Amino acid sequence: MKIDIEGNSVEFENNLNVGEILCKLKYDNSVIGALVDGELRDISYQPKKNVTLVPVRENSKEGLDLIRHTAAHALAEAVQSIYPNTKVTIGPVIENGFYYDFYTEKNFTEEDLELFEKKMLEIINGKKPIIKKIINKNDALSMFGKMGEFFKEEIINDLDDNQEISIYSQGNWFDLCRGPHAPNTSYIKAFKLLNVAGSYWRGDEQRESLQRIYGTAFFNKKDLKKYLLMLEEAKKRDHRKLGKELNLFSITEEIGPGLILWHPNGATVRTIIEDYWKNRHMEAGYQIVYTPHVAKASLWETSGHSEFYRENMFTQMVIDKNKYEIKPMNCPFHIMIYKSELRSYKDLPVKFAEIGTVYRYERSGVLHGLFRARGFTQDDAHIFCTLDQIELEVDQVIDLTTRFLKAFGFSDYEIFVSTRPKRYVGSKDEWVQATNALKSSLKNKGLKFSIDEGGGAFYGPKIDLKIKDVIGRSWQCSTIQVDFNLPKRFDLNYISRNNDRLQPVMIHRAIFGSFERFFGILVEHYAGAFPFWLAPLQVKILTVSEEQLDYSDSLKKELDKIKLRVDIDKRNEKLGLKIREAEVGKTPYILTVGKSEMENKTVNVRQYGGKQIGEIKFKDFVSMMKKDIRKGDSL
RNA sequence: GCCUUGGUAGCUCAGUGGUAGAGCGCAUCCUUGGUAAGGAUGAGGUCGGCGGUUCAACCCCGCUCUUGGGCUCCA
């Protein structure tokens, strides 16, 4: 048997397992598994034919998967040893760790997690070898049947008859498991159980409800610590917490869940974003429109929302015997504006843009601050164009999108192109042309993208953009969707060069997705310390004593003239306190004025974060500010 | 929606079967201070809402509203 390994091709006798092969090649035991023809395998895996073997060492992505899977088993053993009536279900590896779902009467608490951790530590320190055993279906069924592990029985029953069934044991404890695992428990050098949550067997709310324990594991304490710090950092940046602290927005019981009050500070930021948005869109040839928040039910029947989007729509209302719906989307309105006059091919593309507030019924459990609300405002636009114009239009949308993202501090993103699903409208040719247009726009710009095969909506292919924030989390915001469906439903047309009536294509697109969500992301991205052009309050003037009240007023007056957002802290408080509060409020520039500044016509400048610029002439500060304002404009 | 967790002053949170506390904030006063919290006094709560158990409920029970964590990344 021939094994290709790290550039060498070596002949071996048959019936050797990966570990034995590696041993003969003098690999040490930092190798804990292997990619065999690209598939992650145990060290005990026995290749049946010539294969390519890539050793998986500690501290690799695959290595982490191995120990996390093993950690999940350690957790399951710990839980069953402490609460023997608990039934196990599944315990997979996930992006940043693992979880295990249990079926039990007991409600796991924080204290339980500590108990489990202690027990896990014993198991791990026991350095128990992990042994894989292949068994036949009948044995598997009777084995797990006897143990009363009925979820495992169900899994086994669902397996194909010819599928290999394996169990993995660590000491006396074992689990039905596909593997792969680390060679023994001691490779888990650092782990932590994070939280308990509810879940359902197979994600089905009709089935048994389970308790899920989330955890994570690493090869060393340092990595674990780093990860836990990241979680803490994320907690510190939580927009709901900062929203309260910085007085940006609120959600109150009196008004209702998922409905947002934008307080003056938040609204200031939003206004700046909206102004920026409108200006850039008008420059890019969009026409700004406004549309109502409700419309007759018949409009939504034509659009298909009543049928396909019903479960996300609020309850219908009846006005003067006519049925009305609150809008979950803006598209039908933009379509009606398109239809308000006869369009010529010379008019295309027509681009309508709206900062349009929509209302969607979201299940109560999924609401989450600004990220998932029931009333939110889309930065919506619809481009009506011909099939041939798609590429150029998408090109421009991408330019606009990347410019926006850069302006708001996001330069890292992933792009996905979703193609034709099984169920679709339009012709195959149209799909091919539109999909190719999307791809070639991206290619021409040298932007990398992945294909989500069959992931498109039934009405057309799309491009989705996921941005990465400063602590490495991804957020889906921008989307560009081609639509063959609505033009058909609304019988849209334009007069062609040959005087025919032809149907335009629609492109739905949003850059932020929603202002609420994007604002929430911004808050977390900047940890509440907005860049100068977005900061609700840009400059705070602090008086040292009462003597500077008039001087501070005169400064504010000058700064108002150049449209800065300025406040004076005139309170009868010590300077230290004023500084502290200005810093806590994350104000970009803090101007301290005392006796000396007043006499010299200067200000003492401190930037957010404690950076001292020192005492400078006030007129120099003004010209410095003028430059900073222009910076915002040029984004 | 379902599982689970919390709901006490504007905010952050203690607390007990015998009708409530701290810090911050707020008001008033003293202090006129120089780069991350000066001091004093005071106001402020039907302990989420409704119902029940009890001599007595913020506390126990039921319902309801609401917050947070989650609800296939598959043995």
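Each chain gets a letter, A, B and so on, in the order its sequence line appears, and its residues count up from 1. All figures in this text were calculated on a predicted structure; none of them were measured in a lab. What's counted below: heavy atoms across the whole structure, side chains too, no hydrogens, waters or symmetry copies.
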Before you tell me yes or no, could you show the steps for A:H263 and A:F249 under ring-ring contact (aromatic ring centres under 6.0 Å, His included), namely the whole-Å CA-CA distance, both residues' side-chain angles and the distance that decides it to 0.1 Å?
CA-CA 5 Å; A:H263 294 201; A:F249 70 94; 7.7 Å; no
Under the criterion side-chain hydrogen bond (donor to acceptor under 3.5 Å, both in side chains), I'd like the reasoning laid out for A:T602 against A:E597: C-alpha separation, chi angles, the key distance, then a yes or no.
CA-CA 5 Å; A:T602 56; A:E597 287 78 6; 5.1 Å; no
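When Watson-Crick and G-U wobble pairs are counted only if both distances are under 3.5 Å, B:rU41 pairs with B:rA27. With a cut-off of 3.5 Å on both pairing distances, B:rA56 has no Watson-Crick or G-U wobble partner at all. The nucleotide B:rC2 finds its pairing partner in B:rG70, both defining distances of the Watson-Crick or G-U wobble pair being shorter than 3.5 Å. Of the nucleotides present, B:rC61 is the one that pairs with B:rG51 by Watson-Crick or G-U wobble criteria, both distances under 3.5 Å.
With A:E164 as the fixed residue, the salt bridge (charged side-chain N to carboxylate O under 4.0 Å, His left out) test singles out one of A:K132, A:R178, A:K137: A:K132. When each of A:F144, A:W201, A:Y103 is paired with A:F150, the ring pair (Phe, Tyr, Trp, His ring centres under 6.0 Å) condition holds for A:Y103 and for no other. Of the residues listed (A:K540, A:R606, A:K578), the one engaging A:E583 in a salt bridge (charged side-chain N to carboxylate O under 4.0 Å, His left out) is A:R606, and it is the only one.
The aromatic rings of A:H69 and A:H181 sit tilted, their planes meeting at an angle between 30° and 60°. Taking the six-membered ring for Trp and thresholds of 30 and 60 degrees, A:F108 and A:F102 have ring planes more than 60 degrees apart, a perpendicular arrangement.
For the P atoms, the distance from B:rU72 to B:rG10 is 39 Å, rounded to whole Å. Spacing of C1' atoms, B:rG15 relative to B:rG23, comes out at 15 Å, to the nearest Å. With P as the reference atom, B:rG18 and B:rG25 are 33 Å apart, rounded to whole Å.
A:K578 places its NZ atom 13 Å from the C1' atom of B:rG38, with the value rounded to the nearest Å. The interatomic distance linking A:K611 (NZ) with B:rU35 (C1') rounds to 16 Å, in whole Å.
Nearest to the side-chain atoms of A:L575 among the listed nucleotides B:rG69, B:rU66, B:rU35 stands B:rU35. Across B:rU66, B:rG33, B:rA75, the shortest atom-to-atom separation from the side chain of A:K574 is found for B:rG33. Comparing B:rG69, B:rC65, B:rC71 against the side chain of A:E253 picks out B:rC65 as the nearest. Considering only the side chain of A:I90, B:rC74 comes nearest among B:rC74, B:rU35, B:rC71. Nearest nucleotide to the A:Q612 side chain, out of B:rU35, B:rG33, B:rG69: B:rU35. The side chain of A:A197 approaches B:rG69 more closely than any other nucleotide in the set B:rG69, B:rG38, B:rA36.
By the neighbour-count criterion of 12 heavy atoms within 6.0 Å, atom NZ of A:K146 is sparsely surrounded, having that number or fewer from other residues, nucleotides or ligands.
For the segment residues 135-149 of chain A, the set of residues with a heavy atom within less than 4.0 Å of an atom of RNA chain B is empty. Near-neighbour residues of RNA chain B inside residues 168-177 of chain A, defined by a heavy atom below 4.0 Å, number-ordered: A:L176, A:C177.
Listed pair A:R363 / B:rG1 fails the phosphate criterion, with no side-chain N or O lying under 4.0 Å from OP1 or OP2. At the phosphate of B:rC71, OP1 or OP2 sits under 4.0 Å from a side-chain N or O atom of A:R212. In this structure, A:K244 reaches the B:rU12 phosphate: one of its side-chain N or O atoms is under 4.0 Å from OP1 or OP2. Of the side-chain N and O atoms in A:R571, none sit less than 4.0 angstrom from OP1 or OP2 of B:rU32. OP1 or OP2 of B:rG69 lies within a sub-4.0 Å distance of a side-chain N or O belonging to A:H368. Taking only side-chain nitrogens and oxygens, A:Y99 never comes nearer than 4.0 Å to OP1 or OP2 of B:rG69.
Within 4.0 Å (heavy atoms only), A:I251 reaches no atom of the nucleic acid at all. Residue A:V93 is classed as a sugar-phosphate contact, given heavy-atom separations below 4.0 Å to backbone atoms only. Within 4.0 Å of A:E547, counting heavy atoms only, lies no atom of the nucleic acid at all. Residue A:G365 is in base contact, counting any heavy-atom pair closer than 4.0 Å across all strands shown. Within the nucleic acid shown, A:N604 comes within 4.0 Å of at least one base atom, counting heavy atoms only. Heavy atoms of A:Q607 sit nowhere under 4.0 angstrom from any nucleic acid atom. Across all strands, A:I165 comes closer than 4.0 Å to base atoms (heavy-atom distances). A:F108 comes within 4.0 angstrom of no nucleic acid atom, judged by non-hydrogen atoms across all strands. A:E164 comes within contact range of at least one nucleobase, with a heavy-atom separation under 4.0 Å.
Each of A:R580 and A:S545 has a nearest nucleotide on RNA chain B; the 5'-most of these lies closest to A:S545. A residue-by-residue look at A:Y200 and A:G609 shows that A:Y200 has its nearest nucleotide of RNA chain B further toward the 5' end.
Within the model, atoms CZ of A:R240 and CG of A:L370 stand 9.5 Å from one another, a figure rounded to the nearest 0.5 Å.
For A:T185 and A:Q170, the side-chain atoms include no donor-acceptor pair closer than 3.5 Å.
Remark: A:R68 fails to qualify as a cation-pi partner of A:F98 under the 6.0 Å distance and 45° angle criteria applied to the six-membered ring.
The base of B:rA75 does not come close enough to the side chain of A:R202 for any donor and acceptor atom to sit less than 3.5 Å apart. Judged by atom type and distance alone, A:E597 reaches the base of B:rG34 through a side-chain donor-acceptor pair under 3.5 Å.
Side chain of A:D175 to main chain of A:C177: no donor-acceptor pair is present (N/O by atom type, distance under 3.5 Å, no hydrogens or angles).
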